[in-house]
2 protein chains.
Amino acid sequence: MYISVLGYAILSLLARASLSGYDVAREMKRPHAFFYGQAQTSQIYPELARLQEAGLISSTVIEQQGRPDRRVYALTPTGLRRLRRWLVEPTPIAEARSELLIKAHSLWLADAAEALVQFAEHERYHSRQLDVYETQMAEMEQHFGPELALMDSPRFGDYLTLTRGVGYEREYVGWLRWVIAILEQRARRDG
Amino acid sequence: MYISVLGYAILSLLARASLSGYDVAREMKRPHAFFYGQAQTSQIYPELARLQEAGLISSTVIEQQGRPDRRVYALTPTGLRRLRRWLVEPTPIAEARSELLIKAHSLWLADAAEALVQFAEHERYHSRQLDVYETQMAEMEQHFGPELALMDSPRFGDYLTLTRGVGYEREYVGWLRWVIAILEQRARRDG
DNA sequence: TCGCTCATGTAACATGTTACATGATTGG
DNA sequence: CCAATCATGTAACATGTTACATGAGCGA
């Protein structure tokens, strides 16, 4: 049985902790999980059903009072083996489409002052993301120190991806500010 | 009539030059157009038909000997207006899913030496991309110099996106090498 | 009272990928 | 001789998004 990337993403979360479908969706929305994309529950619930049918995860219903029952999923030994195999398989290289970059590429056609607005908006968003990542990074380094690179716990994964998050956002915010400065210069010129 | 991001991407290419469906696909595959994603002709041809039906582009058939005729599309005045409007509209912020980052997040479960291979592969690919971008950047700066930031030609768009390409790949390659060094260290330890 | 969180799902739609059909020319 | 390039498309499938259904509790 074929497993989609979303399927493996779910398995990788369940390797850290057992979760309900609702939890999986919430985990993927957390800022430090930026690389998961934000899958909707309408995609997650059917995917969980498929993974269970394939025997990679199991579920138990936990009854609750006042709120709906939770169906909590856990990774099976088969699921863990399957995940481990995927981890060392070659990963396809895919360059994603970026709507803002397509616009940047056409900025010679636009009014600088008007175009500037959305770049400023993205700058604000990514500055805040950078801030969040840097804070979490500092906390993690304080707790674990240079051991992080040698750990065999989920912290090691967090360390690798958070470092990427900080680097990515720092570089992106730098570029956004550079574009904004150029657009301001052009706006002044075009008056 | 609603236009998809792919539709606008096509319009933005046709604002620079008239192209056939085949040309559009080829343009989107060129390395300096990394942010367009790589749309397939099976998506491009129907999209071109829709854009023409909406009156945003027009087409003329050019007969050729020895090879199939070309249908060349050009942006109409309506299409240009529509594109210009889109350029200054707010752009949704979307964090894309990254398969390699999901794997990095789970690397505490994997054998370091085995996992290393694909990171090395990605490092090779992105090093080459960086090289291509830097070469093109150097050429562009030699031809146009600091005027680039003030130009009202497609060169301005190229300048903005190429700068992003260089920054992105430089930071990504740096991170990949850092991960590889850590995995090598762990591989030696685990022996 | 209004909207948010918790909780699980279905239906319809939009977008993107893979495979196929057709066929001449060109380069290794 | 084989594969790639040029050139336009269709069909089937996979993936992702938006909207809806249901309903209790909780805080402003």
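Here is how names work: the chains are called A, B, and so on, in the same order as the sequence lines, proteins then strands, and each is numbered from 1.
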Quiz item: Would you say the side-chain atoms of Thr91(A) and Gln118(B) include a donor-acceptor pair closer than 3.5 Å?
Solution: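 Short answer, yes.
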Quiz item: Do Glu139(A) and Thr135(A) have side-chain atoms, one donor and one acceptor, less than 3.5 Å apart?
Solution: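 Side-chain D/A pair, Glu139(A) to Thr135(A): absent.
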Exercise. May I ask you to check whether over 12 heavy atoms, not counting those of Arg189(A), lie within 6.0 Å of atom CZ?
Key: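 Yes.
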Quiz prompt | Any pair counted as ring pair (Phe, Tyr, Trp, His ring centres under 6.0 Å), so long as it reaches residues 66-95 of chain A, sequence neighbours left out | solution = Tyr8(A)-Trp86(A)
Practice problem: Could you list where the contact with chain B starts and ends along DNA chain D, reading 5' to 3', using a 4.0 Å heavy-atom cut-off? | Solution: dT5(D) to dG16(D)
Check this for me, if you would: do [X] and [Y] make a salt bridge, where the nitrogen-to-carboxylate-oxygen distance has to be below 4.0 angstrom?
X         : Y         : answer
Glu134(B) : Arg170(B) : yes
Arg50(A)  : Glu47(A)  : yes
Arg26(B)  : Asp23(B)  : yes

Quiz item: Where along residues 42-58 of chain A does a heavy atom fall under 4.0 Å from DNA chain D?
Solution: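 Going residue by residue through residues 42-58 of chain A, the ones with a heavy atom under 4.0 Å of DNA chain D turn out to be Ser42(A), Gln43(A).
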Please give, in whole Å, the distance from [N] [atom2] to [X] [atom1]?
X        : N       : atom1 : atom2 : value
Glu63(B) : dA24(C) : CD    : C1'   : 16 Å
Arg67(A) : dT5(C)  : CZ    : C1'   : 7 Å
Arg70(B) : dT25(C) : CZ    : P     : 18 Å

Quiz item: To the nearest 10 degrees, how far apart in direction are the end axes of the helix from dT1(C)-dA28(D) to dG28(C)-dC1(D), each fit to five base pairs?
Solution: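 Comparing the axis at each end, I get an angle of 50°.
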Quiz item: Which other residues belong to the hydrophobic cluster containing Tyr45(A), where Ile, Leu, Val, Met, Phe, Trp and Tyr are joined when side-chain heavy atoms lie under 4.5 Å apart, directly or via other members?
Solution: Tyr22(A)
Quiz item: Residues sharing Val72(A)'s hydrophobic cluster, by side-chain heavy-atom contacts under 4.5 Å among ILVMFWY, directly or via others?
Solution: Ile62(A)
Practice problem: Assess the pair Tyr133(B) and Tyr168(B): is the distance between their ring centroids shorter than 6.0 Å? | Solution: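 No, too far apart.
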